[in-house]
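Let me begin by presenting the structure, written as structure tokens, before commenting on it.
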Amino acid sequence: MFSLFKKKEKTNIVAPVSGKLIELEKVKDPVFAKKMMSDGFVIVPNVQSSTFDVYAPTNGKVMSLPTTKHAIGLRNREGQEILIHIGIDTVDLKGKGFTSCINQGDYSSRRKIDFS
């Protein structure tokens, strides 16, 4: 009844990896560029090698982690769903080169996801 006066919890979402921010529309993959998977953005990582770490951008539950480990879906306490997708056409790698430090059903707390 008095939810109008209820203080809303702030959502703290940070970049999962450091790098250059690019508009989603500029991605060469039409599924993402046309926002068929929802709105978002792209980060081109600042990396000097082919290995880099990716961290959960917020606390939340791992809702999906495909066997290919090229993506991870999180849901935070506020119900926001976040998809972290690494690369373009990376599903074709069938998991080669990806290592996950977290499993589906786990609760992330800015934990390393570790894509390499």
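By convention here, the first residue in the shown sequence is residue 1. Heavy-atom basis, side chains included; hydrogens, waters and symmetry copies ignored.
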Pro57 versus Ile84, closest heavy-atom pair with distance: CD-CD1, 3.4 Å
Step-by-step side-chain contact (heavy atoms from CB on, under 4.5 Å) determination, Val62 to Asn103: CA-CA 7 Å; Val62 178; Asn103 298 303; over 6 Å; no
With Ser64 via side chain to side chain donor-acceptor pair (under 3.5 Å) - residues at least two apart: none
Between CZ on residue Phe32 and NE2 on residue His85, distance to nearest 0.5 Å: 4.0 Å
Joint cluster assignment, Leu24 & Ile22, ILVMFWY side-chain distance < 4.5 Å: yes
Working for side-chain contact (heavy atoms from CB on, under 4.5 Å), residues Ser100 and Leu65: CA-CA 9 Å; Ser100 177; Leu65 179 63; 3.5 Å; yes
Test log, rule side-chain contact (heavy atoms from CB on, under 4.5 Å), inputs Val17 and Asp53: CA-CA 7 Å; Val17 66; Asp53 295 333; over 6 Å; no
Sequence-distant partners of Leu93, side chain to side chain contact (heavy atoms under 4.5 Å, CB included), two or more places apart: Thr90, Phe98
Same cluster (ILVMFWY, side-chain, under 4.5 Å), Leu74 and Phe41: yes
Distance (rounded to the nearest 0.5 Å) between Gln104 CD and Lys61 NZ: 9.0 Å
Partner set under side chain to side chain contact (heavy atoms under 4.5 Å, CB included) for Thr68, not counting sequence neighbours: Pro66, His70, Val91
Qualifying residues under side chain to side chain donor-acceptor pair (under 3.5 Å), relative to Lys35, sequence neighbours excluded: Glu25, Asp39
Steps toward side-chain contact (heavy atoms from CB on, under 4.5 Å) verdict (Arg77, Asn59): CA-CA 8 Å; Arg77 289 184 179 149; Asn59 295 338; 5.5 Å; no
Exercise: identify the closest heavy-atom pair between Gln80 and Ile13: OE1-CD1, 3.8 Å
Cluster check Val42, Val31: I/L/V/M/F/W/Y, side chain < 4.5 angstrom: yes
CE-CG distance between Met37 and Asp29, expressed to the nearest 0.5 angstrom: 9.5 Å
Considering all heavy atoms, the nearest Lys20-Asn46 contact: N-OD1, 4.2 Å
Nearest atoms (heavy-atom pairs only) where Ala71 meets Leu83: CB-CD1, 4.1 Å
